[in-house]
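In what follows, every chain begins at residue 1, and chains take the letters A, B, ... in the order their sequences are listed. Being a predicted model, the structure only gives us computed values, none of them experimental. Only this structure's heavy atoms are used, side chains among them; waters, hydrogens and symmetry mates stay out.
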Protein chains: 2
Amino acid sequence: MKNKFRQHIEKTTSLTDEEFDFVFSHFKRKQIDKKQCIIKKGKPVENVYWVLKGLMKASYLDLNGKQHIIQFAMEDWWITDYQAFINKEKATIDVSCLETSEVLVLSFSDREKMCSESQKMANFFRIKSNASNAALQKRVLTLLSSNSEERYNELLSEHPKLLQRVPKHLIASYLGLSRETLSRLSVKKRIDVKI
Amino acid sequence: MKNKFRQHIEKTTSLTDEEFDFVFSHFKRKQIDKKQCIIKKGKPVENVYWVLKGLMKASYLDLNGKQHIIQFAMEDWWITDYQAFINKEKATIDVSCLETSEVLVLSFSDREKMCSESQKMANFFRIKSNASNAALQKRVLTLLSSNSEERYNELLSEHPKLLQRVPKHLIASYLGLSRETLSRLSVKKRIDVKI
DNA sequence: TATAATTTGTGATATAGATCAATTTTTGAC
DNA sequence: GTCAAAAATTGATCTATATCACAAATTATA
């Protein structure tokens, strides 16, 4: 496990054994049951989570009681309510578990401490954040410029695994369309393939 | 001008005079004419820009020739094609000037150099990037959960200046709706206010 | 393994917002 | 100040996708 996490970090920044031990000492390992909530709307957001195993979702419940999916997180992904985490505000979204998961937990203060003591880790998080920015910008663009079928196909080709692991109504919610529309798209896809 | 930029940096990270001079030495000042393009689709993206004065837009032209606005940048904002800038890829979007502008230009290599030599600046860019992430996540959420009127009102209350400086069809494009719909919304607003 | 709960599929209908087309207003260039 | 270009408005349609209602299938649980 330690090794898997090290690989994740070293994809971006190479570390000596001592450096990695220093980094790793800031994390706590945690098991989270299916359906369990690790971030609750209105509560403080102490931590950011790295998913070692399992699947989580970040979601927002709007005034009409409709759920919107901001983000999924599978193995190797980070998840939290960034807005709240960074600004020490109360959560505006929920983060919960879709499959029983194992995560590494990092608190805000430990993260800041790590970044101020380690140039490399400051860079690691900067680069991660930059990448996340690029991805979010792309998502905005997709929401602005693509119709439901295009959005579905994009997700299908970029994260086919996700479509298998996540209930379809949550996928629909992530793509910004109704479950009925998504259902019709996936049926259409199956027929398209047969012909 | 130098002072205005220093204030911008020091909102996030305080610097000594020497530190600031070191930082500032990496930037070049540049004047950009209205309608001029500083990033062109298909071309390399060398720089990130900080707007000292003026107004710029980042936009994407889709396959049907429809323009989508990814970002505006007024005074004090940063702008570039992040995806391309970070990954040294060719631009997928255009960045151009809506008003004659003055910007500070920072190249990728100077930015990396600065970050590796200055812990503080690495932190500055990390924090900026985090904030941008939170904002983008909020925009995604708005696109997922709000109708045209709600999106218009949100922009109106958060960036009233923008509505005055930018042609409405570009605002429409930023919000993901047609110029006709936006026009009807603003008319409605005016009537709503009168009553 | 039975029963409940969750998820998915499908037809009928409604609607927000797009598109089309024409006009008016504003802005910019000479 | 005049003329051309760009932007905004307005009405009449059209359409993609939401919503509603119910049925079928799958998955979890007692």
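Here the P atom of nucleotide dT8(C) and the CD atom of Q164(A) are 13 Å apart, to the nearest Å. Atom-to-atom, CG of L185(A) to P of dT17(D) comes out at 8 Å; the value is rounded to the nearest Å. Rounded to an integer number of Å, the gap from CD1 of I171(A) to C1' of dT6(C) is 16 Å. In this structure, the CD atom of Q67(A) is 10 Å from the P atom of dT7(C), given to the nearest Å. The CZ-P distance, from R184(A) to dC20(D), rounds to 14 Å in whole Å. The nearest whole Å value for the distance from the CG atom in L98(A) to the C1' atom in dT6(C) is 14 Å. Atom C1' of nucleotide dG17(C) and atom CG of N147(B) are separated by 10 Å, given to the nearest angstrom. The nearest whole Å value for the distance from the CG atom in N64(B) to the P atom in dA18(C) is 14 Å.
Of the options K53(B), K4(B), R29(B), K30(B), a salt bridge (Lys or Arg N to Asp or Glu O under 4.0 Å) to E102(B) is made by R29(B) and by none of the others.
Taking the side chain of E180(B) as heavy atoms from C-beta on, and the options dG9(C), dT10(D), dT17(D), the nearest nucleotide is dT10(D). Comparing dG17(C), dA28(D), dT19(C) by their closest approach to the side chain of S148(B) singles out dG17(C). Comparing dA8(D), dG9(C), dT7(C) by their nearest atom to the side chain of P167(B) picks out dA8(D). Comparing dG9(C), dT8(C), dT10(C) against the side chain of R190(A) picks out dG9(C) as the nearest.
A sub-4.0 Å separation between OP1 or OP2 of dA8(D) and a side-chain N or O of S183(B) is absent. A sub-4.0 Å separation between OP1 or OP2 of dA18(C) and a side-chain N or O of S178(B) is present. Taking only side-chain nitrogens and oxygens, K168(B) never comes nearer than 4.0 Å to OP1 or OP2 of dT27(C). OP1 or OP2 of dG9(C) sits under 4.0 Å from a side-chain N or O of S186(A). Applying the 4.0 Å criterion to OP1 and OP2 of dA8(D), one finds that H169(B) has a side-chain N or O inside that range.
A ring-centre distance under 6.0 Å is found for W78(A) and F125(A). Side-chain rings of W50(B) and H26(B) stay apart, their centers remaining 6.0 Å or farther from each other.
Relative to the six-membered ring of F24(A), R6(A) misses at least one condition, a distance below 6.0 Å or an angle of at most 45° to the axis. Geometrically, R139(B) engages Y174(B) in a cation-pi contact, judged by NZ or CZ lying under 6.0 Å from the ring centre and within 45° of the ring axis.
In the hydrophobic clustering of ILVMFWY residues, with side-chain heavy atoms under 4.5 Å counting as a link, F72(A) and L141(B) come out apart.
If you check distances only, the side chain of R179(B) never reaches the base of dT10(D) with a donor-acceptor pair under 3.5 Å.
Checking G176(A) against K35(B), the closest nucleotide of DNA chain D that is more toward the 5' end is the one next to K35(B). Mapping E149(B) and K34(B) onto DNA chain C via the closest heavy atom, the residue that lands nearer the 5' end is E149(B).
Within the nucleic acid shown, L182(A) has no heavy atom closer than 4.0 Å to any nucleic acid atom.
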